[in-house]
Number of protein chains: 4
Amino acid sequence: MSREDHSVPAMSLTIKSVPIIMTNSHYMNTGHNKKTERRKNEQLARRKAIIKAAREVFFAKGFMSATIDEIADRCGLAKGTIYLYFKSKEELYISVMAEGMQRLRKEFEVLKKRPPGGNEFVESAFMAYYHFFKRNRKYFRIMFLSSQPDMRSRVPEEALRGCMEAARECLGIVRDLVQEGIEAGCYRKVDAWAVANILWATINGIIMAYEQDPIYREEIVGMELEQMLLQSLDLALEGLRLKK
Amino acid sequence: MSREDHSVPAMSLTIKSVPIIMTNSHYMNTGHNKKTERRKNEQLARRKAIIKAAREVFFAKGFMSATIDEIADRCGLAKGTIYLYFKSKEELYISVMAEGMQRLRKEFEVLKKRPPGGNEFVESAFMAYYHFFKRNRKYFRIMFLSSQPDMRSRVPEEALRGCMEAARECLGIVRDLVQEGIEAGCYRKVDAWAVANILWATINGIIMAYEQDPIYREEIVGMELEQMLLQSLDLALEGLRLKK
Amino acid sequence: MSREDHSVPAMSLTIKSVPIIMTNSHYMNTGHNKKTERRKNEQLARRKAIIKAAREVFFAKGFMSATIDEIADRCGLAKGTIYLYFKSKEELYISVMAEGMQRLRKEFEVLKKRPPGGNEFVESAFMAYYHFFKRNRKYFRIMFLSSQPDMRSRVPEEALRGCMEAARECLGIVRDLVQEGIEAGCYRKVDAWAVANILWATINGIIMAYEQDPIYREEIVGMELEQMLLQSLDLALEGLRLKK
Amino acid sequence: MSREDHSVPAMSLTIKSVPIIMTNSHYMNTGHNKKTERRKNEQLARRKAIIKAAREVFFAKGFMSATIDEIADRCGLAKGTIYLYFKSKEELYISVMAEGMQRLRKEFEVLKKRPPGGNEFVESAFMAYYHFFKRNRKYFRIMFLSSQPDMRSRVPEEALRGCMEAARECLGIVRDLVQEGIEAGCYRKVDAWAVANILWATINGIIMAYEQDPIYREEIVGMELEQMLLQSLDLALEGLRLKK
DNA sequence: CATGAATGAGCGTTCATTCAT
DNA sequence: GATGAATGAACGCTCATTCAT
């Protein structure tokens, strides 16, 4: 059973990874009041610990069945403390999701550094997404929740934006790949942004189908996720490719 | 709603096995089980009424915030009565979903009767789905819930199968269309079932994207759903089409 | 569809056992309207069937957890029908109890016909009670419920009287035995009624102890019920016996 | 009560491993867990208050008709708070019972300190029990519930043991009295434990008879409880006494 | 009479959230 | 800040009882 490594080596706090998550960090290294700075770090660490615990519980039980009590237990904090960091269960949820999007974004980042000249533009994005999915499968299920009206109405818009931005950046990368493909004369002259969105949606749609009940997956779809994705990639490429 | 249920009187009574169970012996085969038949109809109607109310409440509030109390109020029944027809909130949910799938399936049915000779195979399915979506938009949101583990674990498998079957039939229709396209020499020789699933997933993925927060829809995707679907159709067709 | 399902060996109704249970039987055998008489019999049979079913369910589940639904199912009647015969769950309960007391009384009746001259007066009552207990163990548990205030407040006094009368008769028989013992010169000149009550209470108390949690029975009392009863009999006899 | 918990601020930070788990690090061994101690006391008091309220409601309404709402109201707590202290209505019930047994045990304790030389061994126990009963009459009714199968199956075994132990201790005291009587040459050489159990059961049986419906008490038993107990004591003593 | 669908008050219980310490 | 006891509204659900058929 492939492990999903949301462990967070904790190390990460000391390194650059922090600024990514940190949204509310307006502390400047003027050298002065260390105490405050130390505090900030502690708080940040705590915040991450809570998100980690929440993620684990949400993954194990689902959002609806998860309880703040269990999350608090799991990170060794008091229930009240959770509310010091997150206004509601829903904000906690969105934060877990945001963190997942950040991870994905980070993995997508490498696509930007592709050596020029290769011609698997879209393929690489497909694969990057697929590999992320394999290691973070459970994120997807809870992501599908974010469209629920009772979730959305309770999620602070600002927290949501964090997710969105990450998604936008990923899509931007895909768009760039498509654009490169066009410019390299491989792809037809399509609207790269639209295609990026379509590819993105396609993968999500396929994954969603696979996260349905096993009955659906086995008796209806009846083929492995990887195969399905590859065929879908094939179809898309065929649609994109410029025919001489 | 004109009832014609004085229909066929005795029939069932001619079967011996009945008397054993029967305790309520005193009405004879005179005008006979009018009562029973009427009952059946009433029950069916009530069931539908409950599903309708549930649908409305689920749509308005979301599954999590919906309450049985409100559903009961909305269809003018007592709370206990709801539980006479549905074992749990989750079963009610799945029944709403099943009903939605039935509707979709019914609309897809017409695709089967397409006059031969036309060549918009996949287009017609896309459009059928899209039109259904426009009129039943809110179904989709709640459908996305069915992948939640805490939902699935509480939904009676049998009720789920109802949904699945309808979905399978729709997919079958799409596959047939693809197959026709292949046989008509319009499409490449692809795995029609896989392609049907991919198309299906693509549309769902796109819809899901649009059912995300408006921020996502407006600021990120930034184009109308219809456009997006059309472009996606275009891409898919291009991918399917046989090039001379 | 002629059904003759007043089945019920019915026999039983024709014999003497009836008058005992029957409280509301003012039908005289004037020969006329047989129909009515048949009805009466049917009703009586139904009543007994319900009590039987109730007994089984009360025994299996306990009064609190028993449901009218299950009782109705078990005797193949509709729930509403139960309420035609018994005003409430509590009346049903008391009727089960009354029926148990009638049984006990019937078994005690034989003590009245003891051949004169024997000298095991009290012993025979002890043993009769004990044997009844062994075969009707579960009656006792539910009997202990009758002292609950929320039971009593809902039991129609009239139904209760049925129980009481049977108990009184049993006690009367015990008193007579004690009296015989006194007159035979075996026992001291005690108040026979009081002693009868004391003996009765003693046995009930012992049985109650045994119907407590097994922990109590095994870890605390620590001896077999039969032994305990015998020792208790021994003690009582020793107390009663006239010493020369 | 001066709290000194602004104590030592950073501390915990110096230890590396700590921050992860340690959450409540900030109060050191100064005047120290005064807080905790106060809490403990408060909790104990609350627990007692709840038991008191429950007792009152159970006594007034009976277990079945009692509601947690009423119990909560009566002790001025929220319903949820009750569940912080007791897992279920049944646990509350058993706790009320346990508390009653503790009281009885405490009253029995004095019997242990009887000045030697007296010869009313069993009498004193009878009387202690009787006096307890007079002041705590209503306990007995609800005690009779504990033999109900649907009660027992829902009572946490551990809570039950509390009751049992108290009962066992009382019985132990009675046994000792009997034993003393034997050793003092007053009583026959009987099995003291069995006799203790028999006496106990006898009193309980008598009390149960008196807690039946008033009809039973008045029309059947027809004598005062005290008289009955005295006669029963008399009978038992007569049975125990060593005859020259 | 018998039925059984409908009722609906009421249940025990949960848990996100608050707030005094 | 951190705590965790307290809250109490809301929950899903039950079931004795009624009543139209």
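Naming: A, B, ... by sequence-line order, numbering from 1 per chain.
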Original post:
Judged by atom type as modelled, is there a donor-acceptor pair below 3.5 Å linking the side chain of C/Ser95 to the main-chain atoms of C/Glu91?
Top reply: yes

Subject >> Whether B/Tyr93 side chain and B/Ile142 backbone form a donor-acceptor pair below 3.5 Å >> reply: yes

**OP:** Considering only NZ, NE, NH1 and NH2 on the basic side and carboxylate oxygens on the acidic side, decide whether C/Lys79 and C/Asp69 come within less than 4.0 Å.
**Re:** yes

**OP:** Output yes when at least one side-chain N/O atom of A/Arg46 is less than 4.0 Å from OP1 or OP2 of F/dA2, else no.
**Re:** yes

Subject >> Side-chain N,O (C/Tyr85) to OP1/OP2 (E/dC1) below 4.0 Å >> reply: no

Subject >> Pair assignment for DNA chain E - dot-bracket with | for other-strand partners, Watson-Crick or G-U under 3.5 Å >> reply: .||||||||||||||||||||

Could you tell me how far apart [X] ([atom1]) and [N] ([atom2]) are, to the nearest whole angstrom?
| X | N | atom1 | atom2 | result |
| --- | --- | --- | --- | --- |
| D/Ile82 | E/dC11 | CD1 | P | 14 Å |
| D/Arg47 | F/dA5 | CZ | P | 14 Å |
| D/Lys61 | E/dG10 | NZ | P | 11 Å |
| C/Leu77 | E/dA5 | CG | C1' | 17 Å |
| C/Glu91 | F/dA16 | CD | P | 15 Å |
| C/Glu70 | F/dA16 | CD | P | 11 Å |
| A/Ile71 | E/dC15 | CD1 | C1' | 12 Å |
| B/Asp73 | E/dG8 | CG | C1' | 11 Å |

Compare all side-chain heavy atoms of [X] with those of [Y] and state whether any distance is below 4.5 angstrom.
| X | Y | answer |
| --- | --- | --- |
| A/Met97 | A/Ser146 | yes |
| B/Ile71 | B/Arg74 | no |
| D/Tyr85 | D/Ile51 | no |
| C/Glu56 | C/Lys52 | yes |

Subject >> 5′-ward residue of the pair D/Leu84/A/Gln43 relative to DNA chain F >> reply: A/Gln43

Subject >> Atom pair OH (B/Tyr83) and NZ (B/Lys89), whose distance is rounded to the nearest 0.5 Å >> reply: 8.5 Å

**OP:** Output the distance between atom NZ (B/Lys48) and atom CD (B/Gln43), rounded to the nearest 0.5 Å.
**Re:** 14.5 Å

Between the protein and nucleotides 9-12 of chain F, which nitrogen or oxygen pairs are less than 3.5 angstrom apart?
{"from": "F/dG12", "atom 1": "OP1", "to": "B/Lys89", "atom 2": "NZ", "distance (Å)": "3.0"}

**OP:** With DNA chain E as reference, determine whether A/Lys87 or B/Ala78 sits nearer its 5' end, using the nearest nucleotide of each.
**Re:** B/Ala78

